[in-house]
Chemist: 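Can you read through this structure? Questions will come right after.
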Protein chains: 4
Amino acid sequence: MAIPWWRRESHSLIWGYAMLEDFKERVWQANRNLVSRGLVFSTWGNASGIDRGASLIVKPSGIDYALMRPDDMVVVDLNGDVVEGTLRPSSDTPAHLELYRAFPGVGGIVHTHSHYATVWAQACRPIPCLGTTHADYCCGDVPVAGPLSEGEVADDYEANTGKVIVRRFEALDPRAFPGVLVAQHGPFAWGETVEDAVESAAVLEEIARLAFHTFILAPGQPVIPDFLLAKHYLRKHGPDAYYGQE
Amino acid sequence: MAIPWWRRESHSLIWGYAMLEDFKERVWQANRNLVSRGLVFSTWGNASGIDRGASLIVKPSGIDYALMRPDDMVVVDLNGDVVEGTLRPSSDTPAHLELYRAFPGVGGIVHTHSHYATVWAQACRPIPCLGTTHADYCCGDVPVAGPLSEGEVADDYEANTGKVIVRRFEALDPRAFPGVLVAQHGPFAWGETVEDAVESAAVLEEIARLAFHTFILAPGQPVIPDFLLAKHYLRKHGPDAYYGQE
Amino acid sequence: MAIPWWRRESHSLIWGYAMLEDFKERVWQANRNLVSRGLVFSTWGNASGIDRGASLIVKPSGIDYALMRPDDMVVVDLNGDVVEGTLRPSSDTPAHLELYRAFPGVGGIVHTHSHYATVWAQACRPIPCLGTTHADYCCGDVPVAGPLSEGEVADDYEANTGKVIVRRFEALDPRAFPGVLVAQHGPFAWGETVEDAVESAAVLEEIARLAFHTFILAPGQPVIPDFLLAKHYLRKHGPDAYYGQE
Amino acid sequence: MAIPWWRRESHSLIWGYAMLEDFKERVWQANRNLVSRGLVFSTWGNASGIDRGASLIVKPSGIDYALMRPDDMVVVDLNGDVVEGTLRPSSDTPAHLELYRAFPGVGGIVHTHSHYATVWAQACRPIPCLGTTHADYCCGDVPVAGPLSEGEVADDYEANTGKVIVRRFEALDPRAFPGVLVAQHGPFAWGETVEDAVESAAVLEEIARLAFHTFILAPGQPVIPDFLLAKHYLRKHGPDAYYGQE
């Protein structure tokens, strides 16, 4: 993880300002890439990035993606209070905050209603690991968090959405998964950076689509054996990774 | 609802003419957007807009979308008589008129044969509310109107299409739904303006597509609980709405 | 049907030449439109047009669509003999010829392997009329011709493909259908002109796709009642047609 | 098969260099075409070409397709040792090498995770020959190789992937098939040249998609009879081939 800019020796107000502007532009670009990659219909999605120890940058609420400018991005602290920006932060900010607090390795989060990932979420079923494409990115089935109880929906709904995800990962390493499905809702994806999180969201959608059609063709197909799962996951992500992706 | 232009104090013939031209252009643009958003194959669809108390503007019948100009839009009154325009109004105009008469809050109507909405209509099944994407726009299952009886088809078929929709909404608030399915036929969508109606048609198609694949994956999946439906619908549309869409 | 150019009083060699060049360009454009409308993958398809009593213009065999020029079109007579052109006519020409001989009202024919029409053909099932979209273009289920017997495949395979289609329409009016499915093979579509035939091929694909998903959603769904089928078909195609397509 | 350049009489170092550069560009272009034809998501795929008796040219490992240049292609010999190039060859190179060694007629190989071919591979099912589109390219069902045993996965996994394919083709002629499915993984396709291999990969994807939807519509549909399979395959590929593709 990079050292936050204000802790660096060469820190100055001017340089720090430039860094923040650059970070806003990256988060803005990531939000736009959700649209250009077909992961977001209308305005159904958002991407955020965090500069650890410092500021969280989120998409503003209810702004058309096509009209949104880098300067419209909202800077909030880890309590969710706006530090900079004139627009309201995305309503999903409390969910993002819960994940950033609980998952130290995560630097970017994306929430979408991308089609096939949402289909599995609506079906309240984990995405089974039926092939090596899945195993290249995800160390087992993609888990389902929730559904939320009536009480969790009534109060602090968005924060509770984050909390059920964190609870689901109590015994799992979030870095071994591109994301998660929230039951009856849709996917959240993440990565070390906001750009990685967008890539994770795209991968999650494609493995959801592959698993959907495989399940329809062969409903009783078992998941792949552990030795194949481990081989594929570890050749890309393990300590002896040698696979630069084909 | 805006005050119709001819009732405004500043009303003048010139200004009124400019308003009408502007309105024609909006309806024309809405019809073209149906094509660019993939909701209309060939010429299978139309959008109309109404200036309450005044004129209804509809697409002309049998004109290629690519060649259609704003001036080709047809102005009709609430009896369906042509007030302005040299082309014949869309054959579906009587259905639009029935809806405008019965639904005072509606300012724009769109009829398409968009793929997945038409699939549910052909299957004569309401679109079940299986997730929060649906609940964000629609307060429960999307209802099915009809099918029409032999008599309703034989005489005044297009007007009767509107009437079965109105009958289906006797106990429902049309503003709580983006539209409706007509059995064995396809969807009608609406909104406060013609632009909103196009957006409703696009949303209706996407929730139809999500529900289709979810149903195929998990045929016995129950609809989401009422507390989750209400939460999502009301946080966007209720008196205390706070959700600017992600 | 227009009078063939060489029978017109104003006939001259120069004018006749210009007419033929124009007709070649139309057939060439129709073949290219099959690609741009997504009906043809690779080179799997062809369009032909006929000037009744005169020449049939067909796509040359094995030519890349992108490189094909209007002058590459091949002119054949009703015996299939090449009248003009240096390239070999499409291998499917004998099938086209059978249809032109048997169906006097047909002026253009298209053969594709468009996706969902081919799926129904491979399943050897007629496309059931499950909605008004279908009824607007097709007076009942889209019929299946064949499959061909071993003898029909062994000798004159392509001509026999045309013959099984003609046999299937012994008691049907080809003008009441946009085309037909050949079992285990794919669709043939037709129209009054080559441009109409391309439109028919596109419509056939879309109603095949609508019927596919409706069947998957509701396998027991009955076809629409005759009074609705007749109303939709006749309001567009009957003697009192009033429907300019929405 | 063309005579390798260094065996030609006119061979000179300069001319040879130009030939190799040209060949690199072809392999580079083929890799890019995998993306533009929708066969590769992200970086999930690779194409290679061989100059028989000489050099094998492969995609470098882990390079973004959009940034990759012709000079980034890696030249390896039949032992897999790098002959030219500064980047690491694709991790899948050992699988390609096994196929080139066993299949003398093959001059190009493509590995993708194209959607429907991968779905059949994940379902561990051969693609049944349900229509003439399939028969035009493939002399029977597309076979499945593997799955690999635990030992085959543990050591020399990529070379063993090639070996299970070769084993599967012990009694089959690879030239009679566009490619193969590796169980739980995805497709490999091939052809006489690297360009042919890309076309084979595209055909394999489309026949996988056709078979998928046909199977969903009519699960009990039998494969087409041998006489029809033979007719279609042989009219394009047999000694008396006359079919220039429609």
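All heavy atoms count here, side chains included; hydrogens, waters and symmetry mates do not. In what follows, chains carry the letters A, B, and so on, assigned in the order in which the sequence lines appear, proteins first and then strands, with residues in each chain numbered from 1. These numbers were taken from a predicted model, which means no experiment stands behind them.
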Chemist: Quick one: closest heavy-atom pair of D:Phe41 and A:Ala202, and the distance?
Modeler: CZ-O, 3.5 Å

Chemist: Assess whether atom CG of A:Asp226 is packed by more than 12 heavy atoms of other residues, nucleotides or ligands within 6.0 Å.
Modeler: no

Chemist: Look at the aromatic rings of D:His115 and A:His213 and report parallel, tilted or perpendicular, splitting at 30° and 60°.
Modeler: perpendicular

Chemist: Are D:His113 and A:Leu210 close enough that some pair of their side-chain heavy atoms sits under 4.5 Å apart?
Modeler: no

Chemist: Which region of D:Ala154, side chain (C-beta onward) or backbone (N, CA, C, O), has a non-hydrogen atom less than 4.5 Å from a non-hydrogen atom of chain A, or is it both or neither?
Modeler: backbone

Chemist: Taking 4.5 Å as the heavy-atom cut-off, does anything in residues 138-150 of chain D contact chain A, and if so which residues?
Modeler: D:Leu148, D:Ser149, D:Glu150

Chemist: Report the option among A:Glu206, A:Gln221, A:Arg209 that has the most heavy-atom pairs separated by less than 4.5 Å from atoms of chain D.
Modeler: A:Arg209

Chemist: Check whether any side-chain heavy atom of D:Phe212 lies under 4.5 Å from a side-chain heavy atom of A:Ile216, and answer yes or no.
Modeler: yes

Chemist: Take A:Thr132 and D:Gln184, measure what side chain to side chain donor-acceptor pair (under 3.5 Å) needs, and give me the verdict at the end.
Modeler: CA-CA 6 Å; A:Thr132 61; D:Gln184 298 166 340; over 6 Å; no

Chemist: In terms of heavy-atom contacts, does CZ of D:Arg37 have more than 12 from other residues, nucleotides or ligands at under 6.0 Å?
Modeler: yes

Chemist: For chain A, which residues from residues 118-126 of chain D lie under 4.5 Å away (heavy-atom distances)?
Modeler: D:Thr118, D:Val119, D:Trp120, D:Gln122, D:Ala123, D:Cys124, D:Arg125

Chemist: Determine whether the aromatic ring centres of residues D:His185 and A:His232 are separated by less than 6.0 angstrom.
Modeler: yes

Chemist: If I compare all heavy atoms of A:Leu228 with all of D:Tyr157, which pair ends up nearest, and what's the gap?
Modeler: CD1-OH, 3.5 Å

